[in-house]
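Only this structure's heavy atoms are used, side chains among them; waters, hydrogens and symmetry mates stay out.
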Amino acid sequence: MATPEEAGAPEVLHGRRSGRTRVNGREDVGPDGCEPDGAGWPTAGPGAVDIGGGLGERATLVQFSSAFCAPCRATRRVLGEVAAMVPGVAHVEIDAEARLDLVRALGILKTPTVLVLDAHGREVRRAAGQPRKADVIAALGEAV
């Protein structure tokens with residue numbers, strides 16, 4: 001018979017982390033850990049063209065989704081509402097299956113994953129799982 005730790009600990013840990021945001025390690029590096037160039041994007045790694053859309057004037061909500069992901073649809077709705085509500089914020093959705101290169105470069109492990117980028121394209125926050133609207137708004141407060 002399995003101990004409680006063996007049987008349910010991963011499930012509890014997953015449930016406690018899902019949808020919560022975390023701060024990226026350093027604020028002075030880009031989403032891939034490279035130093036930013038003069039325009040704010042890293043000298044190597046993803047840029048505005050790489051994410052499939054332009055950066056928002058003040059911040060960008062980047063969502064990694066997959067076709068059969070039910071929480072991705074709800075996340076799309078929440079991020080779209082927040083982007084419409086906050087001036088200068090853009091929402092870009094990326095199909096994780098179609099952009100495996102970017103998924104690997106950024107260390108995306110599950111869908112939905114949301115990255116909050118500042119005006120220069122640096123990752124400020126990250127959430128794996130479906131985020132709550134209040135958490136997204138709070139994370140944007142750090143980016144703008």
Ion pair check, Asp101 and Arg99, cut-off under 4.0 Å:
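The answer is yes: the pair qualifies as a salt bridge.
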[Y] reachable from [X] in the ILVMFWY side-chain graph, under 4.5 Å edges:
{"X": "Ile137", "Y": "Leu79", "result": "yes"}
{"X": "Leu61", "Y": "Val86", "result": "yes"}
{"X": "Met85", "Y": "Leu140", "result": "yes"}

Rounded to the nearest 0.5 Å, what separates atom [atom1] in [X] from atom [atom2] in [Y]?
{"X": "Gln63", "Y": "Asp95", "atom1": "CD", "atom2": "CG", "result": "11.0 Å"}
{"X": "Glu93", "Y": "Cys72", "atom1": "CD", "atom2": "SG", "result": "7.0 Å"}
{"X": "Thr113", "Y": "Leu109", "atom1": "OG1", "atom2": "CG", "result": "7.0 Å"}
{"X": "Leu117", "Y": "Arg122", "atom1": "CG", "atom2": "CZ", "result": "10.5 Å"}
{"X": "Thr111", "Y": "Phe64", "atom1": "OG1", "atom2": "CZ", "result": "11.0 Å"}
{"X": "Arg73", "Y": "Gln130", "atom1": "CZ", "atom2": "CD", "result": "11.0 Å"}

For the pair Arg58 (side chain) and Pro87 (backbone), establish whether a donor and an acceptor sit closer than 3.5 Å, ignoring hydrogens and angles.
yes
I need the minimum non-hydrogen distance between [X] and [Y], along with the two atoms involved.
{"X": "Ala67", "Y": "Glu97", "value": "N-OE2, 3.5 Å"}
{"X": "Leu55", "Y": "Ala90", "value": "C-CB, 4.4 Å"}
{"X": "Val116", "Y": "Ala143", "value": "CG1-CB, 3.9 Å"}
{"X": "His91", "Y": "Arg76", "value": "CE1-O, 3.9 Å"}
{"X": "Gly54", "Y": "Val92", "value": "O-CG2, 4.0 Å"}

Does Glu81 CD have over 12 foreign heavy atoms under 6.0 Å away?
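Yes, CD of Glu81 has more than 12 neighbouring heavy atoms, counting only those of other groups under 6.0 Å.
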Taking C-beta and beyond as the side chain, do Ile108 and Arg126 meet within less than 4.5 Å on heavy atoms?
yes
